[in-house]
Amino acid sequence: SADHMAIPFASEGVAITDKAAILRAINDPATLDRLARVEHRRWMTDRIEQGWRHGETRDNNRLIHPSICDFDALSADDKEKDRNAVRKLAEIAAG
């Protein structure tokens, strides 16, 4: 995630060097959800490029993960994981 931390923020027109704008973005619930959606797509793309695919039960040996799906299909807990990933990226950027 940290290698690509500019991606979600750029989707909102926020430069990774603009600490004040990053903090405003993560403190606005609607913006945070949009950032989480972008981060989820970035995460899925990374996994799919590594050969992972969607399946109901996670299987690391067979590269199957239930979260390889649309953001709206995720559980509330999994959506919060993506929000937390964005918050962590913001923390790193604010460094």
Side-chain angles (χ1 to χ4, degrees):
S1 292
D3 289 342
H4 303 104
M5 75 173 147
I7 293 171
F9 297 106
S11 74
E12 289 290 319
V14 175
I16 200 69
T17 56
D18 189 343
K19 295 176 184 178
I22 288 173
L23 292 175
R24 281 192 304 274
I26 65 166
N27 286 308
D28 176 65
T31 305
L32 179 60
D33 272 357
R34 288 192 303 272
L35 292 168
R37 285 175 182 277
V38 173
E39 173 56 20
H40 182 68
R41 283 192 297 264
R42 188 214 55 79
W43 173 86
M44 275 196 330
T45 299
D46 182 58
R47 294 302 179 274
I48 291 167
E49 286 177 349
Q50 294 175 33
W52 287 78
R53 62 192 185 283
H54 173 77
E56 292 303 312
T57 304
R58 183 173 178 161
D59 184 328
N60 291 347
N61 293 325
R62 296 175 52 215
L63 303 179
I64 296 173
H65 201 296
S67 294
I68 296 177
C69 62
D70 187 69
F71 185 83
D72 291 327
L74 293 172
S75 69
D77 286 344
D78 284 338
K79 288 177 184 177
E80 191 61 24
K81 286 179 187 176
D82 287 319
R83 290 183 198 102
N84 286 336
V86 171
R87 289 180 186 111
K88 184 64 176 175
L89 293 174
E91 181 183 314
I92 291 167

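Heads up: numbering here begins at 1 and tracks the sequence.
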- Note on the structure: For Glu39 and Ala85, the nearest pair of non-hydrogen atoms, with its separation, is CG-CB, 4.1 Å
- Task: Using the rule that two of Ile, Leu, Val, Met, Phe, Trp, Tyr join whenever any of their side-chain heavy atoms come within less than 4.5 Å, decide whether Ile48 and Ile64 are in one cluster.
- Result: no
- Separation between SG (Cys69) and CE (Met44), nearest 0.5 Å, reads 7.0 Å
- Query: Does a side chain donor of either Arg42 or Thr45 reach within less than 3.5 Å of an acceptor in the other side chain?
  - Reply: no
- Under the side chain to side chain contact (heavy atoms under 4.5 Å, CB included) criterion, do Leu35 and Leu89 qualify, and how do the steps go? CA-CA 11 Å; Leu35 292 168; Leu89 293 174; over 6 Å; no
- How long is the gap from CZ on Arg41 to CG on Asp70, to the nearest 0.5 Å? 8.5 Å
- Item | Gap between atom OG1 of Thr57 and atom NE2 of His65 - 0.5 Å precision | 11.5 Å
- Item | salt bridge (charged side-chain N to carboxylate O under 4.0 Å, His left out): pairs with one or both residues in residues 46-60, sequence neighbours excluded | Asp59-Arg62
- Query: Would you say Asp28's side chain and Arg24's backbone share a donor-acceptor pair under 3.5 angstrom?
  - Reply: no
- Query: Hydrophobic clusters join Ile, Leu, Val, Met, Phe, Trp and Tyr when side-chain heavy atoms are under 4.5 Å apart, directly or via other members; which others share one with Ile7?
  - Reply: Val38
- Message: Grouping I, L, V, M, F, W and Y whenever their side-chain heavy atoms are under 4.5 Å apart, do Trp43 and Phe71 come out in a common cluster?
- Response: no
- Message: Does Lys81 have more than 12 heavy atoms from other residues, nucleotides or ligands lying within 6.0 Å of its NZ?
- Response: no
- Query: Given Ile26 and Phe9, is the side chain to side chain contact (heavy atoms under 4.5 Å, CB included) satisfied, shown in steps?
  - Reply: CA-CA 10 Å; Ile26 65 166; Phe9 297 106; 4.2 Å; yes
- Query: Can you check whether Asp78's main-chain N or O pairs, donor with acceptor, with His40's side chain at less than 3.5 Å?
  - Reply: no
- Task: Please lay out, stage by stage, how Lys79 and Asp33 fare under the test side chain to side chain contact (heavy atoms under 4.5 Å, CB included).
- Result: CA-CA 9 Å; Lys79 288 177 184 177; Asp33 272 357; over 6 Å; no
- Message: Between Glu80 and Arg87, does any side-chain N to carboxylate O distance fall below 4.0 Å?
- Response: yes
- Message: Run Met5 and Ile16 through side chain to side chain contact (heavy atoms under 4.5 Å, CB included) and show every step you take.
- Response: CA-CA 8 Å; Met5 75 173 147; Ile16 200 69; 3.8 Å; yes
- Task: Taking the side chain as every heavy atom from C-beta outward, state whether Leu74 and Asp82 have any pair of such atoms under 4.5 Å apart.
- Result: yes
